[in-house]
Amino acid sequence: MSNKNYYISTYCSLQNGALFVNGKATLEMDRSLPFIVLAKTIYKETGINYPKFFKMDNLSKLAFLTAEFLLEHSALSEKDVQKMGIVLSNKSASLDTDRKHQESISDDKNYYPSPATFVYTLPNIGIGEISIRHQIKGENAFFVFNTFNAKGLFQYAASLLASKKSNHVLCGWVDVDKEEYKSYFYIVSKEGMYPHTEEVINQLYINNEWKP
Amino acid sequence: MEALKQELKESIIEQLNLEDFTPQDIEDNDALFGDGLGLDSIDALELIVMMDKDYGIKLTDPDQGREIFTSITVLADYIAQHRTK
Amino acid sequence: MRQVFLTANNIISPLGLTSDQNIAEVAREKSGISQHTDSKILPVPFCASIINNEVLDTAFAEIGNATQYTKLEKMMLLSLRDTMEQANFSISEKTALIVATTKGNIDALGNDFPSERAYLPVLGEVVQTFFGFKNEPIVVSNACVSGLLAIAIAKRLIQNEFYENAFIVAGDIVSKFTLSGFNAFQAISDTPCRPYSKNRNGITIGEAAASAAITSQKTIDAIEIAGDGSSNDANHISGPSRTGEGLYNCVQSAMREAQMISEDIDLISAHGTATLYNDEMEAIAFNRSKLEETPLHSLKGYYGHTLGASGLLEAIVGVHAMKNNTYYTSLGMDELGVSKPLQVITQVGSGNIRTCLKTASGFGGCNTAVVFKKSED
């Protein structure tokens, strides 16, 4: 068993119209807003200038925005960020976009599959979008679990760090399925605020805070 | 032809998700690919789908596509000559 | 850190229902690709590598009810069953189950199975329940590196003592969903694919399942997973990096861990999808890694591109190449059509193959490399 201790340094979540960074509400909007409206509003209000954002599917938009705020609030150097591992997970993979592609091929008389839609029918594309935005060339993995799986993320992040494949790992959950959306990202490093344990990961996911 | 060019500008903005642009931002003879609109290889393929869907023109050679998509004017000329819809 | 090995394995494909059957066909340069006409999948005739449904159902009937499982599930369960029968360990609390796929039961979005079957955790649960695995399945969906990444994930978790061993299974099916998408990318060749060739013009899609036993316990013919690495190009979500950035980085990472230099690699089982850009990118990355003189093949000419299965399936063939000390042909090659030199294997031959580098790349800019090594006694 790896005998090194690791720490969570920054965490960020977006759900029910609210963006939390390190446990503090940074943006709060109408929770009934459809995700696509929320995402574009956040983009415009926070002055992000990245036109490719509008080409992304909802899952990638959610991954992109969460990573944007997470990294903005992290103390990592640019060099450290660019070597980070990214380990994301969800329940629906890319089904939200898969349905869109499926619809475009379901009528033989109106058969116009779109390459721009098809490319997003893989859940790891969001990792690609984050990587391009921040020039992150490290380890990647996308897992699919029935519910949030702190153990799965904990074990893999700890393995990457112990094997020195990554010095920092961006971990999290990012899911979009019809009207439901939720993201929760955190950074694991050799130093940080909270101990990297399954319990802490779960507490931050559920409560946005951890009290020892 | 002017109506077609306007239609193309609106269509491109919508199909390629160029939300920061209006039709007025796209000059008839400006390069579509390259710096201006930031279009990439996926956009080129989307335009090929648009040609088929909206104008009934089937392009199977991506290199041919690159020539036709040089500018709005070149694109409009090609469509006017080859459209079946 | 302790050593981890790949031992028992299986391949389910048009070339056979066991690894041995598959290797025998590959040794004969026999391809599983043929022309198909099926308007339910594509409006025009197409080349693909498709498993015969009757053959699959007949074999599956010996272990389960063929009507209760999807095609992909039958392929995966049959494969894993064979691997588990050969393995020298059985399921315990310290056994991981890793399931790798890009689209899973995507056909459930349009067929008689309930659409919930399209959720990947449900696929994982089907496999878990069938064999009685005690831990929640780890489902990996990371584009076309999924099958190879599954090996790396298993090895890393076992090395760090979170598990003692693992069974991994990877698979994907040919479907209207994927064919229509790749067709929209104009990425599909009208003839069987020709990796690295001057006349290559795209991929051929295939379906397959593959599985392997991964363990920290050494056996006589165990192949060691000596090093692994993953790296993102950070360049484009569908086009590969022109400098081969991610592939170069992950090859370096894997070789560094395996404590090897380029001269130590005896065989490269590359990704070689036969698109203009992928094969060119690989040529650049392998040259940067000083591997331009290492015998290399792509197996896509036998199997087509089996997406999530490809990394594991092709790694298994690489492992058998090592055991048989045989260089298998890179099928479909005519004349080298990349800008940098590569030693593409053009006929079956013998050699002392102690090590094999397997690589994979995929949409989203992902790249993965694994180095395999014959373990010393």
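Any value given below was found using the heavy atoms of this structure, including those in side chains, with hydrogens, waters and symmetry copies removed. Throughout, a chain's letter reflects where its sequence line sits, starting with A, and its residues are numbered from 1.
Looking at A:Ser94, only its side chain comes within 4.5 Å of chain C, counting heavy atoms on both sides. Using a 4.5 Å cut-off between heavy atoms, A:Ala93 touches chain C through its side chain atoms alone. A:Ile105 touches chain C through backbone and side chain together, each having a heavy atom under 4.5 Å away. Proximity to chain A (any heavy atom under 4.5 Å) is restricted, for C:Leu149, to the side chain, taken from C-beta onward. If you measure heavy-atom distances from C:Asn235 to chain A, the contacts under 4.5 Å come from the backbone alone. Within the 4.5 angstrom heavy-atom criterion, only side-chain atoms of A:Leu160, from C-beta onward, approach chain C. With a 4.5 Å cut-off on non-hydrogen atoms, C:Ile98 does not touch chain A at all. Within the 4.5 angstrom heavy-atom criterion, only side-chain atoms of A:Tyr120, from C-beta onward, approach chain C. Heavy atoms closer than 4.5 Å to chain A are found in both the backbone and the side chain of C:Phe182. Heavy atoms of C:Asp233 lying under 4.5 Å from chain A belong exclusively to its backbone. If you measure heavy-atom distances from C:Pro137 to chain A, the contacts under 4.5 Å come from the backbone alone.
Contact count versus chain C (heavy atoms, under 4.5 Å) is highest, among A:Lys165, A:Gln135, A:Glu129, A:Lys83, for A:Lys165. In terms of heavy-atom pairs under 4.5 Å with chain A, the best-connected choice from C:Ile138, C:Ile153, C:Asn249 is C:Ile153. Counting heavy-atom pairs closer than 4.5 Å to chain C, the top-ranked of the candidates A:Gly128, A:Gly126, A:Ala116 is A:Gly128. Chosen from C:Ser253, C:Gly365, C:Ser231, C:Ser115, the residue pairing most often with chain A at heavy-atom distances under 4.5 Å is C:Ser231. For the set C:Glu245, C:Arg256, C:Glu136, the entry with the most heavy-atom pairs within less than 4.5 Å of chain A is C:Glu136. Interface check for chain C: of the options A:Ile130, A:Asp98, A:Ile125, A:Val119, the most heavy-atom pairs under 4.5 Å are formed by A:Asp98. Comparing A:Ile136, A:Thr147, A:Ile86, A:Thr117 by heavy-atom pairs within less than 4.5 Å of chain C, the highest count is held by A:Ile136. In terms of non-hydrogen atom pairs under 4.5 Å with chain C, the most contact-rich of A:Asn140, A:Asn146, A:Ile127 is A:Asn140. Of the residues considered (C:Ser180, C:Ala187, C:Gly110), C:Ser180 shows the highest number of contacts with chain A, using heavy-atom pairs under 4.5 Å. Counting heavy-atom pairs under 4.5 Å between each of C:Ser230, C:Gly364, C:Cys250 and chain A puts C:Ser230 at the top.
Ring geometry for A:Phe154 against C:Phe162 counts as perpendicular: the plane angle is over 60°, on a 0 to 90° scale with 30° as the lower cut. Classification of the A:Phe143-A:Tyr156 ring pair by plane angle, with boundaries at 30° and 60°, yields perpendicular. Ring geometry for C:His271 versus C:His305: interplanar angle over 60°, hence perpendicular rather than tilted (30 to 60°). Between A:Phe148 and A:Tyr205, the two ring planes are parallel [angle under 30°; tilted spans 30° to 60°].
For the residue pair A:Asn22 / A:Tyr194, no side-chain donor-acceptor distance below 3.5 Å is found, with atom types taken as modelled. C:Asn278 and C:Glu282 share a donor-acceptor pair across their side chains, judged by distance under 3.5 Å alone. In this model, a donor atom of one side chain and an acceptor atom of the other lie less than 3.5 Å apart for A:Asp57 and A:Ser60. A donor atom on one side chain and an acceptor atom on the other are found under 3.5 Å apart for C:Ser175 and C:Thr178. Counted by atom type alone, A:Thr97 and A:Thr121 present zero donor-acceptor pairs between their side chains at under 3.5 Å.
Checked for salt-bridge contact, C:Asp38 and C:Lys176 miss the test: no charged N lies under 4.0 Å from a carboxylate O.
For A:Lys61 and A:Phe53, the positive end sits near the middle of the six-membered ring, less than 6.0 Å away and at most 45° from its axis.
Under the ring-ring contact (aromatic ring centres under 6.0 Å, His included) test applied with A:Tyr43, the options A:Tyr50, A:Phe69, A:Phe54 reduce to a single match, A:Phe54.
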